[in-house]
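Residue numbers count from 1 along this sequence. In this text, all values refer to a predicted model and were calculated from it rather than measured experimentally. Start at 1 and go down the list; that is how both ligands and their atoms are numbered.
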Amino acid sequence: MKNGEKNAAHLKAKKAKDFWGTTRRLVKYMSTRSWALAATLLMVIASTIMATLAPYILGQATTEIYRGVQEGAANPIDFDLIRNILLIVAVVYIVEAVFRYFQQFITARIAQKTVYDMRKDLKEKMATLPIRYYDTHSNGDIMSRAVNDMDQIANTLQQSLTQFILSVVQFVTVLVIMFAIDIRLSLVTIVTVPISFLLIAYVAPKSQKQFGLQQKELGILNDQVEETYSGHTIVKTYNREEEEIEKFVKQSAKLNDASWKAQFLTGIMMPLVSFSRDLGYFGVAIVGGIGVANGTVSLGNVQAFIQYVNQFSQPVRQIANLANTIQVTIASCERVFEVLDEEPMKETHSDLEPKETSPYKVEFDHVQFGYEDDDLLMTDFNLTVKEGEMIAVVGPTGAGKSTLINLLERFYDVKGGSIRYEGVDTRDLDRNELRSKFSMVLQDTWLFNGTIWDNLKYGSHDEEPSEETILEAAKAAHVDEFVRRLPDGYDTILNEEGTNISQGQRQLITIARAFLADPEILILDEATSSVDTRTEILIQRAMGKLLESRTSFVVAHRLSTIRDADKIIVMNHGDVIETGNHDDLMRQDGFYADLYNAQFQTAEPQLKAV
Ligand SMILES: Nc1ncnc2c1ncn2[C@@H]1O[C@H](COP(=O)(O)OP(=O)(O)OP(=O)(O)O)[C@@H](O)[C@H]1O
Ligand SMILES: [Mg+2]
């Protein structure tokens, strides 16, 4: 998925479908460590009570000083009392700090363990998901769940969980203690909170929207840049530089517009919040001052409440700030849980007796299959393959050639009939065991970031394959030839887009890798479609040796390459329409002969023209 789409999708998916259900499930994930959770909660409560009591106790010192100053020499300030009060406050603050430290520590552990468990579950789940899941979900979507959503959850749990618990507890504790000390001042303090809340509630969604817009415009801009750079040769060929520049300038302007609005709205939020808090100070000072003057309130309590204004509005502000993060995180959790809830691959068994003495390596017996339940692609597919045979599969696009391979490796299970491997239905074999017998080379090459050597080694079942075996495979697949001409040879690092070697060369590497795996059955699905005909023929010849005692399935569009196959099956609409070797099929003068002649004839006039 492109960045822009990804961001747009992310924005759209921001709201969880079942917020509370998912939240409960997340809590359940954490509750495997319930003792730790309980311990943190206790410590949070304890440390918050300490923090809230401190201003009150400290206020008593102020009251005492104030009293002493007022009453003068007759009843001087009790400095012992003040010293004791200060000592108590010091102890309270120290204990609070210790509690806070441990609580941070434990929540961090809970968060990390929770994320670890979730990642592990996700990984295990992804390994058991049927190929169908990967075929029906885009790579971008799967990646964004496994990476972005997991990161979102990890970050929020680690950074915001403590914050959230703390804020809630602080809010309640301060409220209770305030009311216990002085009801009138409490009311004054509380009144200012809704004001700041209303202000935030009004501005925050607007700024969030602008931030979303900013992200989206940025995504579009990134896509534009990426597209024009990766396609810069196309842009140049068609002389579209001017247009592309204009598009870029327009998009930049849009981004600029969205960005400054977002920044402006965020910028005014803080002053608004401080303003309402200042209102609180103001209210407490006025009401408290009058109270002190009439002697209904002690000066120390006024001082304590000045601190409470801050202590009380802070958690409200923090929860408001966290609200969005929490929403996004719960939405991420939901997307991860969705994957966890997917049906895993079923362990199906065929209930078919193994044929002890099957003459066939592979046998398709009245196989029925369709990707959708109500739409069969193969209605009655039959094929027998003897050990060591090379089977070529040809047919028009969409005929079901790759489907045949998918069934063979059990990426999908048949809907009817049976596929047997050495007489045993493949459903009764362990998937891993079955797949270890195959090596596959596909049209779209998959190579990882790393040296050519390491990529080759990847195919081998041995931990440390000998240098000779690797070289042998490389030579057979004609990899050695071009690698020797590279400045770094086998140590050449393949980059992600594989732009440093050609598409055909990449295919050769994947072929060498498959050779190295030394499988019982080799599958080539248009594996040589990107190499030139001469190299293709060379590979065919080299393979000839490798394929001598090996069963193989070769899907090819270029018919010249499969002339020597033991058996050519011609497929159309999911079924076999012709079988035989090249000569048989040419004699039949059917579909294959038509295909072959068509390829041959178009080539001929060109040759003559040259
Ligand atoms: N994962 C899938 N889910 C649903 N339908 C699929 C899937 N893969 C293939 N199909 C459908 O099954 C049919 C056969 O596809 P298949 O890939 O086997 O063709 P093919 O013979 O390999 O074609 P090509 O020569 O283009 O590679 C097509 O109609 C295709 O749309
Ligand atoms: Mg195909």
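- You'll find the side chain of V339 reaches within 4.5 Å of the side chain of Y133, heavy atoms only.
- Distances shorter than 4.0 angstrom do not occur between any heavy atom of M571 and any atom of ligand 1.
- From I521, atom CD1 reaches atom CZ of R435 across 14.0 Å, with rounding to the nearest 0.5 Å.
- The residue from K361, K567, R420 that alone fulfils the side-chain contact (heavy atoms from CB on, under 4.5 Å) condition with T384 is K567.
- Using a 4.0 Å cut-off to heavy atoms of D135, the atoms of ligand 1 that qualify are 1 (N).
- Nearest to atom 5 (N) of ligand 1 by heavy atom, out of Y412, Y371, F369, F411, is Y371.
- Distances between N or O atoms of S402 and those of ligand 1 include at least one value under 3.5 Å.
- Taking distance alone, with nitrogen or oxygen atoms compared against 3.5 Å, A399 approaches ligand 1 more closely than that limit.
- In this structure, K386 is not positioned above the aromatic face of Y360 in the sense of NZ or CZ being under 6.0 Å from the six-membered ring centre and within 45° of the axis.
- The closest approach between a heavy atom of G400 and any atom of ligand 1 is below 4.0 Å.
- The closest side-chain heavy-atom distance from Q152 to C333 is not below 4.5 Å.
- Each of the atoms 14 (C), 15 (O), 16 (P), 18 (O) of ligand 1 lies under 4.0 Å from some heavy atom of T403.
- Within the 4.0 Å heavy-atom criterion, the part of L377 lying near ligand 1 is the side chain and not the backbone.
- Counting protein heavy atoms under 4.0 angstrom from atom 31 (O) of ligand 1 gives zero.
- At least one side-chain heavy atom of E520 sits under 4.5 Å from a side-chain heavy atom of Y421.
- Looking at R145 and E338, their side chains come closer than 4.5 Å, going by heavy atoms from C-beta outward.
- Residues S439 and P519 come closest through the heavy atom pair CB-CG, 3.2 Å.
- Ranking the protein heavy atoms by distance from atom 26 (O) of ligand 1 puts T397 CG2, 3.1 Å first.
- With a cut-off of 2.8 Å, the protein N/O/S atoms near the Mg ion (ligand 2) add up to 1.
- Closest to atom 14 (C) of ligand 1, if we only count protein heavy atoms, is G398 O, 3.4 Å.
- With hydrogens and angles left out, the side-chain atoms of D454 and T451 include a donor and acceptor closer than 3.5 Å.
- With contacts defined as side-chain heavy-atom distances shorter than 4.5 Å, the pair N581/R563 does not qualify.
- For ligand 1 and H557, the ligand atoms under 4.0 Å from any heavy atom of the residue are 25 (O).
- Contacts with ligand 1 closer than 4.0 Å are made by no heavy atom of R132, backbone or side chain.
- In summary, the atoms of ligand 1 found under 4.0 Å from a heavy atom of E526, numbered by their order in the structure, are 25 (O).
- Between W453 and Y458, the gap from one ring centroid to the other reaches at least 6.0 Å.
- Aromatic ring orientation, Y371 versus F369: perpendicular (interplanar angle above 60°, classes split at 30° and 60°).
- Cation-pi check for R25 over F337 is met; the charged atom lies under 6.0 angstrom from the ring centroid and within 45 degrees of its normal.
- Ranking the protein heavy atoms by distance from atom 25 (O) of ligand 1 puts K401 NZ, 2.7 Å first.
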